[in-house]
Amino acid sequence: MKKGLLWILLLCNVVAVSAQDTKVSHPFMWKSFNNPGYSGFDGLMRAALGVQRSHWSHPLDLRTYFLAYDYPFQDKNTYGLGGISLLYQRDQENSLKYVTDMLGISVSGRVRVSRATVIQVGLQPTLYRKGLDPSRITLGDQFDPFYGQVLDVSPELVNFYADKILMFDVAAGIYGETDFLIGWHGVASLEYGFSVYHIIESTQSFLSEHGSKSSAENVLNRRYSGYVSYAHPVVINNLSTTLASYLLLDIQSTMKSFHFGLYWKEERFGMIGLGIKSDQYEGLKVGTMLFHLGLNIAPKNDRGWQLAYTYEVPTNQGTMYQNTTHALSLHWYLKYSPKRCISPFGQMLDKKNRIKGQKRGGRKTFKL
């Protein structure tokens with residue numbers, strides 16, 4: 001349901017197409033997508049590819065593709081550049097082929113507030129291209145988040161559609177982290193961020209060239225997003241693990257989203273977790289349960305691969321439709337700026353009872 005809701009509102013014989021921003025179901029793996037201030041934050045060079053698709057009892061086709069590349073700059077001073085991210089997202093809704101392509105670039109600035117706290121601020125100029133194939137409009141294929149199917153679509157209105165819409169918009173965000181040394185158990189971290197998307201609120205009406213009323217009303221609604229997470233180290237039978245929680249709040253026009261989850265992460269193998277999500281649109285409330293699985297592939301000290309999967313099933317559906325969502329993503333990472341990398345396992349003891357982050361021949365550990 002969170003997959004980005006498409007509806008066609010028929011008011012005064014005007015067609016307007018709007019949608020909520022689509023986000024991947026495991027946001028803790030795609031932080032640069034949720035906040036421009038995160039670019040280059042942890043010192044890891046990353047490349048990620050993901051796909052998310054919803055399967056409905058009614059044959060509606062909802063899918064999204066994600067692509068991201070994060071590049072951190074080297075640490076030189078207390079103040080400086082954090083990193084740069086390239087982001088691409090393609091959202092396809094229904095067999096109507098209503099498609100949104102997003103291409104953005106994020107640049108962040110960094111300041112170390114204290115020994116354990118770092119803050120970054122980022123900007124993200126973005127290009128959006130929306131398009132649909134009017135010849136594929138089928139009565140009953142459109143989906144309204146409150147009323148369900150929309151059957152009253154006049155074929156004569158097809159001639160008013162533009163083929164493509166090109167829009168420019170800007171997003172901004174601030175992201176921070178504070179670390180806490182928990183003795184020899186490891187490093188606990190508190191992360192927090194706030195971001196604003198669609199600051200310009202560009203017009204996305206397909207009827208804009210005709211000067212319709214919808215041109216001024218059908219805009220990319222501004223989205224406010226807040227994110228908080230806490231990871232605590234836990235040692236179990238010489239296994240280096242962390243227990244983490246995350247909370248993501250989104251407000252976009254009349255739509256509100258609450259996303260909370262817990263996941264347990266092991267240094268070598270991967271992670272497992274549970275989450276709940278609640279979406280609200282005026283009188284409609286949709287609740288879902290999420291199951292997270294992660295796998296580390298050939299991990300090394302400075303690089304590796306991660307595979308993440310989320311299965312989302314509704315617990316409270318607002319319409320007669322029942323859907324499940326699958327999200328799968330592959331991540332590659334490299335410690336490009338090691339001094340900046342924050343590892344929850346760096347303070348734990350290895351098999352030889354030595355602190356993993358300890359310098360050879362010294363008593364001090366790396367600042368994580």
Side-chain angles (χ1 to χ4, degrees), residues 1-9 14-25 27 30-39 50 52 62 64-68 84-93 98-109 120-132 144-145 162 164-175 193-209 212-227 248-259 277 279-282:
M1 192 68 180
K2 190 67 170 54
K3 165 66 183 60
L5 301 174
L6 168 67
W7 66 94
I8 293 185
L9 303 176
V14 172
V15 178
V17 182
S18 304
Q20 183 180 14
D21 287 348
T22 305
K23 293 172 288 297
V24 72
S25 294
W30 294 84
K31 296 178 183 178
S32 58
F33 253 100
N34 296 322
N35 196 317
Y38 188 80
S39 299
Q52 183 166 290
L62 304 175
T64 303
Y65 303 95
F66 302 89
L67 183 64
I84 186 171
S85 298
L86 298 176
L87 310 169
Y88 172 75
Q89 178 176 332
R90 180 178 178 86
D91 188 36
Q92 179 176 306
E93 306 180 16
Y98 174 53
V99 176
T100 301
D101 290 302
M102 182 275 287
L103 180 62
I105 179 170
S106 299
V107 179
S108 64
Q120 286 194 176
V121 178
L123 289 176
Q124 179 184 308
T126 309
L127 284 177
Y128 293 88
R129 188 184 72 167
K130 291 180 176 286
L132 56 81
D144 184 276
K164 297 287 187 300
I165 299 174
L166 187 63
M167 299 169 291
F168 174 78
D169 221 311
V170 177
I174 181 171
Y175 200 92
F194 177 77
S195 57
V196 182
Y197 284 80
H198 312 309
I199 296 177
I200 297 178
E201 290 190 301
S202 305
T203 299
Q204 61 172 350
S205 173
F206 284 91
L207 306 178
S208 58
E209 62 184 36
S212 66
K213 183 179 179 180
S214 67
S215 301
E217 297 177 349
N218 189 21
V219 298
L220 279 174
N221 293 312
R222 193 167 297 161
R223 173 166 62 91
Y224 302 92
S225 180
Y227 181 82
L248 177 63
L249 296 175
D250 276 319
I251 299 177
Q252 186 172 5
S253 185
T254 58
M255 299 181 182
K256 299 178 182 179
S257 177
F258 170 89
H259 190 173
K277 191 163 58 172
D279 298 313
Q280 300 180 16
Y281 170 72
E282 295 183 349

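Everything numeric here is computed off the predicted structure, so don't read it as measured data.
Between Asp250 and Lys256, none of the side-chain N atoms (NZ, or NE/NH1/NH2) sits under 4.0 Å from a carboxylate O, so this pair counts as no salt bridge.
Legend: residues meeting side chain to side chain contact (heavy atoms under 4.5 Å, CB included) with Ser108, ordered by chain and number and at least two apart, are Ser39, Gln120. Legend: residues meeting ring pair (Phe, Tyr, Trp, His ring centres under 6.0 Å) with Phe33, ordered by chain and number and at least two apart, are Trp30, Phe66. Residues passing the ring pair (Phe, Tyr, Trp, His ring centres under 6.0 Å) test with Tyr175 are Tyr38, Phe41, sequence neighbours excluded. Residues passing the side chain to side chain donor-acceptor pair (under 3.5 Å) test with Ser32, sequence neighbours excluded: Asp70. When the ring pair (Phe, Tyr, Trp, His ring centres under 6.0 Å) test is applied to Tyr128, the partners found at least two apart in sequence or on another chain are His198. Among residues two or more places apart in sequence or in another chain, the side chain to side chain contact (heavy atoms under 4.5 Å, CB included) test is passed with Ser253 by Asn221.
A distance of 8.5 Å separates CD1 of Ile174 from CG of Asn35, quoted to the nearest 0.5 Å. How far CG of Leu103 is from OH of Tyr88: 8.5 Å, rounded to the nearest 0.5 Å. Atom CG of Asp279 and atom NE2 of His259 lie 9.5 Å apart (nearest 0.5 Å). In this structure, Lys23 NZ and Gln52 CD are separated by 10.0 Å, a value rounded to the nearest 0.5 Å. Here the CG atom belonging to Leu67 is positioned 9.0 Å from the CG atom belonging to Leu86, to the nearest 0.5 angstrom.
In terms of heavy-atom proximity, Met167 sits nearest to Ser202 at CB-CB, 3.9 Å. Nearest heavy-atom pair across Tyr197 and Asn34 is OH-C, 3.2 Å. Taking every heavy atom of both residues into account, Val170 and Ile200 meet most closely at CG2-CD1, 4.0 Å. Nearest heavy atoms, Lys277 versus Ser25: NZ-OG, 4.2 Å.
No donor-acceptor contact under 3.5 angstrom links the side chains of Thr126 and Asp169, judged on distance only.
Residues Ser106 and Leu87 are in side-chain contact: their nearest non-hydrogen atoms beyond the backbone lie under 4.5 Å apart. Arg223 has its side chain out of reach of Ile251: every pair of non-hydrogen atoms, C-beta onward, lies at least 4.5 Å apart. The shortest side-chain heavy-atom distance between Ser225 and Phe194 does not fall under the 4.5 Å cut-off. Between Ile199 and Glu201, every side-chain heavy-atom pair lies at or beyond the 4.5 Å cut-off. Within the 4.5 Å cutoff, no side-chain heavy atoms of Leu123 are placed close to those of Pro36.
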### Message
As a quick check of understanding, evaluate side chain to side chain contact (heavy atoms under 4.5 Å, CB included) for Arg222 and Val196, giving each step before the final call.
### Response
CA-CA 7 Å; Arg222 193 167 297 161; Val196 182; 3.7 Å; yes

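Asp101 places no side-chain N or O within donor-acceptor distance of the main-chain N or O of Lys130, the cut-off being under 3.5 Å. Without hydrogens or angle criteria, Gln89 side chain to Thr22 main chain gives a donor-acceptor distance under 3.5 Å.
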